[in-house]
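Data first, discussion second: the structure below is written as structure tokens.
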Amino acid sequence: MNPTEIYDALSQIAEASFDAEEFPFSFAEATDASQAAISKLRNGSTNKSDLPGGVLFGRRFHYAPATTGKSDTTLEQLRASKKTKSSKPAILLATDGEMIAAEHTASGETLHCAFKELGDQFGFFLPAAGKERYRAVEENPVDVKATGKLAKLYDALIRANPDWGTDARRHEMNQLMMRLIFCMFAEDVGIFPEQQFSRLIFTYAGDKGEEAHKAIIAAFRAMNLPTHERTGLPAWTGELDYVNGGLFAGTIDAPKFDTIAFRYLREACGLDWGKINPDIFGSMIQSVADPKQRSELGMHYTSVPNIMKVIGPLFLDDLDAEIHKGWDRARALQQTLGRMSHIRVFDPACGSGNFLVVSYRELRARETRIMQRLEELDGRNAMGTSEMFSRIKIDHFYGIEISDFAAETAKLALFIAEYQANASFKAIFGRCPAALPLRDAARIHRGNALEIEWEAVCPPPNNDEEIFIAGNPPFVGSNFQTSEQKSDRSELFKSDFKSYKNLDYVASWFYLATLYAEAFCRTNFAFVSTNSITQGRQVPSFWPRILENQKIRFAHTSFQWRNNASSNAAVICVIIGLCPKYISGAKLFDGKVISDVSSISPYLIPIPPVYVEGSGKSIFGLPRMDYGSKPADGGNLILSTEERDEIVQLYPDSNRFIRKYLGSQEVVRGQVRYCMWIKDQEASDAYQYPPFQKRIDAVRQFRTESSNPVTRPTAATPYKFWFTGPETKTHAILVPRVTSERRPYLPVERVGADVISSDLNQVLYDAPEWCIALIASRLHLVWIATVCGKLKSDFRYSNTLGWNTFPVPKFTDEQLEALSASARRILKCRYSHYPKTIADLYDPDKMPDDLRAVHKENDDLLESMYIGRPFRNDTERLETLFKLYAAKIKTLETASKKKKA
DNA sequence: GATCCGACAAGCA
DNA sequence: TGCTTGTCGGATC
């Protein structure tokens with residue numbers, strides 16, 4: 001059962017009248033217990049409760065009925081129960097039918113709510129169904145807009161010094177900004193003494209900033225030199241620390257500050273950089289320094305909660321478990337410290353280093369915790385802990401980044417992370433190596449991750465080492481890639497993947513990581529990705545090769561991309577983590593819920609991998625479903641009602657070339673458009689009408705100018721659609737190709753032969769009515785939602801992937817007749833609500849009861865034809881469908897082998 | 001010849 | 001200015 005189903009089941013219990021004896025069993029059923037387990041519980045053989053009327057169901061829950069108003073007291077009894085202590089149920093639950101008192105035993109968290117809210121509180125009860133709850137790390141409210149101040153400084157400097165805006169000096173300009181930001185950050189977080197940098201600069205910059213550039217140059221030069229080598233620099237620079245680390249190496253120059261730029265510099269220094277979240281520090285600088293990215297302002301940086309969703313299950317959670325287990329044993333903790341010092345993290349699309357910074361910070365935090373514990377366990381000087389300092393080095397962090405500036409920023413961000421970690425170490429242990437000068441640096445390599453050998457950047461692990469590859473590589477849909485991106489991939493994918501050109505750009509990172517993990521053991525990896533690689537045609541083309549030696553160890557199902565940037569990228573993401581195949585178990589994160597499952601399929605559902613491949617015709621013998629007629633006309637063959645009326649009024653005869661035209665929006669919202677529909681032999685007749693002539697000429701021009709080599713030849717027949725489906729004889733059944741995910745059933749409509757359906761619908765021409773009963777079923781929606789692609793998260797209907805693969809049993813004639821009758825009932829019920837449209841009728845909040853009822857009837861009828869009864873839930877629906885599909889594929893394969901033999 | 005897709009795009013409040 | 005919802009035609013097999 002999935003959480004929605006648990007929610008539904010609990011809501012039903014909450015609405016029904018309360019029966020203290022029956023409640024624990026319906027609660028067990030609602031939280032996914034099998035019928036067999038419930039009947040054993042009911043006859044007492046597995047009920048271990050030691051409380052009157054109580055039911056203790058294994059590790060799931062311990063329930064006891066309460067007298068009116070005494071739920072809380074009963075909960076205390078449950079807590080005190082010996083059987084609770086020995087059986088360790090996940091949930092304690094007491095209720096008098098009015099109020100609920102419950103406790104989550106692992107965390108000690110309690111819940112007190114009205115009985116009626118049982119359904120709404122389903123999240124609390126998920127542990128009773130064997131599902132953990134997932135809590136996302138809350139994101140610090142970071143003011144990305146502070147970047148605006150830096151941007152203004154940047155712009156003002158360019159305005160005052162136009163030559164600094166040229167390509168030749170852009171790198172210097174960027175460097176200047178980065179160094180300034182480093183200094184402002186450093187003085188606010190205590191790397192430099194209190195306000196040291198800005199105090200000196202503003203003292204020696206002159207009243208209006210006329211000397212600011214000189215002061216900055218002097219300060220930067222000083223920071224690049226050990227104190228005793230600073231000859232020829234103003235005496236005041238002696239106060240500044242030697243920073244090194246490459247940050248102040250190379251040419252040092254600064255543009256002149258006019259009064260405006262100087263004011264912005266003051267404002268920027270005035271910001272409290274200590275409050276800026278260093279995790280996204282890099283992304284901020286990047287968006288300031290790169291005017292091209294200004295409009296996106298950090299649109300694609302990964303938020304800390306999302307980074308945690310990747311690196312948590314990838315390695316931090318394991319470490320936490322290990323630390324927890326060894327908490328009382330110094331030896332075990334020492335071992336964990338050793339393990340951590342051999343962990344290396346590699347982000348092959350590191351941008352400004354967010355993943356590396358957060359990974360570093362989290363590792364350091366755990367290390368500190370362990371060392372504190374070691375001191376507690378063994379006293380201050382035992383086991384040499386007083387000598388100990390961090391063994392997690394920033395040169396264990398590797399990255400590849402294509403932009404030079406971002407790569408530099410990543411190094412800087414890691415320096416800062418190191419400073420901060422050392423500072424908090426010092427606060428706890430009172431010791432710390434000297435902060436300055438900077439020593440080792442992160443291994444950030446500038447270049448194209450798809451061209452560089454990864455093992456040259458991040459060398460293969462030796463015996464003690466573990467490598468974790470993580471990141472958020474760029475997503476580019478196959479149709480949106482540049483020719484360079486395409487060629488990056490062709491070399492890579494040619495041999496191992498069929499139809500590799502349909503894969504998203506992000507697939508390349510998964511593949512290279514797979515190759516790395518196959519070559520070197522002790523390598524696990526996880527990436528944020530667009531959800532499209534887990535859907536539709538990409539699944540059968542991409543995943544079979546990836547999963548040859550790896551398995552999906554954890555996955556977060558689709559979630560909307562979000563970060564603190566002012567405008568967010570519109571994309572739905574998933575996170576997928578892989579490990580070698582021999583490791584057992586997997587974790588599936590779905591919204592707030594974690595489930596431990598035995599395997600995760602590339603569709604990110606908890607079943608073993610089955611790949612649904614598109615098919616040219618139905619493998620279960622369903623009628624042929626076609627693609628609608630596609631204009632590709634620049635809009636010129638399509639007429640609104642007004643345009644049509646106007647033409648017909650002027651030229652009544654021309655009406656014979658005009659047909660009704662329905663796309664998916666027209667079907668769903670009950671609208672009408674019209675189109676020109678001209679057969680080859682009528683082309684010259686139609687061309688006589690001036691409005692048609694104008695439009696046909698426009699189509700010719702549009703197609704001639706198309707970048708698509710397939711479209712250009714169709715400029716020769718500009719009077720007709722780019723692609724036309726077969727002629728309709730009696731009627732057509734239309735299925736919109738894209739439809740809102742909110743609707744409980746897929747929209748499907750029956751229209752007469754006079755209608756032309758656009759390519760935005762799939763069409764069954766002159767097909768039997770029972771097809772409507774199939775398409776309008778819950779069963780079909782569940783299949784389509786799983787195996788077809790999506791537009792973001794909305795359903796996308798495909799004939800090859802969805803209809804032609806949809807598993808059906810062999811129907812008898814009587815069954816088909818019953819389904820046809822059911823289809824007619826649905827249509828009739830819809831018509832009774834005229835003029836309500838499909839969009840109105842299938843709005844989940846407004847769906848009329850009678851329509852719901854006929855759909856339920858249709859579902860029950862169809863599902864009984866599969867298993868002799870309705871399915872219990874969507875999980876069961878999918879399991880059955882995938883089994884039928886897999887079995888069919890197997891028989892087809894055997895048959896074709898036999899044929900060959 | 002026939003699709004499947006979109007770090008979206010457009011339309012409404 | 002957020003939220004909902006599916007156009008349109010290129011690129012690919």
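Sequence lines set the chain letters: A, B, ... in the order given, protein chains first and strands last, and positions in each chain run from 1.
- Nucleic acid contact for A:Phe702: sugar-phosphate only, since backbone atoms but no base atoms lie under 4.0 Å from a heavy atom of the residue.
- Separating the OH atom of A:Tyr842 from the P atom of C:dG6 is a distance of 15 Å, rounded to the nearest angstrom.
- C:dT4 and B:dA10 make up a base pair, with Watson-Crick or G-U wobble contacts both under 3.5 Å.
- Taking the six-membered ring where tryptophan is involved, the planes of A:Tyr505 and A:Trp509 are perpendicular, since the angle between them exceeds 60° and thus also 30°.
- Put simply, A:Arg742 has no side-chain N or O that comes within less than 4.0 Å of OP1 or OP2 on C:dT4.
- Under the stacking criterion of a centre-to-centre distance below 5.5 angstrom and an interplanar angle below 30°, A:Tyr627 is not stacked against the six-membered ring of B:dA2.
- Looking at the side chain of A:Phe480, the nearest of the listed nucleotides B:dA7, C:dG10, C:dG6 is B:dA7.
- Without hydrogens or angle criteria, A:Tyr603 side chain to A:Val612 main chain gives a donor-acceptor distance under 3.5 Å.
- Taking atom C1' in both C:dC13 and B:dA7, the straight-line distance is 26 Å, to the nearest Å.
- Distances shorter than 4.0 Å separate some side-chain N or O of A:Lys486 from OP1 or OP2 on C:dT12.
- For A:Arg669, a side-chain nitrogen or oxygen approaches OP1 or OP2 of C:dG6 to under 4.0 Å.
- Relative orientation of the A:Phe554 and A:His556 rings is perpendicular, given thresholds of 30° and 60° on the angle between their planes.
- For A:Arg624, a side-chain nitrogen or oxygen approaches OP1 or OP2 of B:dA2 to under 4.0 Å.
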### Query
How far apart are the C-alpha atoms of A:Asn761 and A:Ser664, what are their side-chain angles, what is the distance that settles it, and do they pass the side-chain hydrogen bond (donor to acceptor under 3.5 Å, both in side chains) test?
CA-CA 6 Å; A:Asn761 297 308; A:Ser664 52; 4.8 Å; no
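- The distance from atom CG of A:Leu791 to atom C1' of B:dC4 is 11 Å, rounded to the nearest whole Å.
- Projected onto DNA chain C by closest heavy-atom contact, A:Val710 and A:Pro631 fall at different nucleotides, the more 5' of which corresponds to A:Pro631.
- Put simply, NZ on A:Lys494 is 13 Å from P on C:dC13, counting in whole angstrom units.
- Contact annotation: A:Ser478 does not reach the phosphate of C:dT12 (side-chain N/O to OP1 or OP2, under 4.0 Å).
- In this entry the distance linking CD1 of A:Ile575 with C1' of B:dA7 reads 15 Å, nearest Å.
- Taking the centre and axis of the six-membered ring of A:Tyr797, the NZ or CZ atom of A:Arg737 falls outside the cone set by 45° and 6.0 Å.
- Phosphate contact (OP1/OP2 of B:dT3, side-chain N/O of A:Asn799, threshold under 4.0 Å): present.
- Between A:Gln560 atom CD and C:dG2 atom C1' the separation is 11 Å, expressed in whole Å.
- The nucleotide C:dG9 finds its pairing partner in B:dC5, both defining distances of the Watson-Crick or G-U wobble pair being shorter than 3.5 Å.
- Residue contacts shown for A:Lys792 include a base, since a base heavy atom lies under 4.0 Å away.
- Heavy-atom contacts from other residues, nucleotides or ligands closer than 6.0 Å to CD of A:Glu682 number more than 12.
- Relative to the six-membered ring of A:Phe559, A:Lys309 meets both conditions, a distance below 6.0 Å and an angle of at most 45° to the axis.
- Residue A:Leu760 contributes atom CG, which lies 16 Å from atom P of B:dG6 at whole-angstrom precision.
- Here B:dA10 presents its C1' atom at 14 Å from CG of A:Asp794, a figure rounded to the nearest Å.
- A:Pro473 comes within 4.0 angstrom of a base, heavy atoms only.
- Separating the C1' atom of B:dG6 from that of B:dA10 is a span of 14 Å, rounded to the nearest Å.
- Rounded to whole Å, the P atom of C:dC8 lies 14 Å from the corresponding atom of B:dC12.
- Contact annotation: A:Ser532 reaches the phosphate of B:dG6 (side-chain N/O to OP1 or OP2, under 4.0 Å).
- A:Arg743 has a side-chain polar atom (N or O) that falls below the 4.0 Å cut-off from OP1 or OP2 of C:dG6.
- The phosphate of C:dA11 (OP1 or OP2) has no side-chain N or O of A:Asn479 nearer than 4.0 angstrom.
- Distances shorter than 4.0 Å separate some side-chain N or O of A:Ser706 from OP1 or OP2 on C:dG10.
- Residue contacts shown for A:Gly614 are absent, as no nucleic acid heavy atom lies under 4.0 Å away.
- Taking only side-chain nitrogens and oxygens, A:Ser798 comes nearer than 4.0 Å to OP1 or OP2 of B:dC4.
- At C:dG10, none of the side-chain N or O atoms of A:Ser707 fall inside 4.0 Å of OP1 or OP2 (strictly under the cut-off).
- For the C1' atoms, the distance from B:dA9 to B:dC5 is 14 Å, rounded to whole Å.
- Counting any heavy atom pair closer than 4.0 Å across all strands shown, A:Arg673 reaches sugar-phosphate atoms only and no base atom.
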